[in-house]
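Let me give you the structure first, and then I'll get to my questions.
Since the model is a prediction, treat every value here as computed from it, not as a measurement.
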Amino acid sequence: MQQPTTLVYTGPLLRRAVRAYWLYSVGIGFVVTLSITAISLIALLWTGDR
């Protein structure tokens, strides 16, 4: 027997699901690498190396 079901996705639940999927697909290594690269770029620009 089939019964109709209505799913309701709230904003916070949807953001949490997207964040979990993104971290699962790219991995935590990507986040660490991106952070190190951004910090290095800021440090080089701060010291005047262009």
Side chains of Trp22 and Val31: closer than 4.5 Å at any heavy-atom pair? yes
Once you round to the nearest 0.5 Å, how far does CD1 of Ile28 lie from OG1 of Thr33? 10.0 Å
Min side-chain heavy-atom separation Leu7-Tyr9 under 4.5 Å: yes
Working to the nearest 0.5 angstrom, can you tell me the gap between Leu34 CG and Ile39 CD1? 10.0 Å
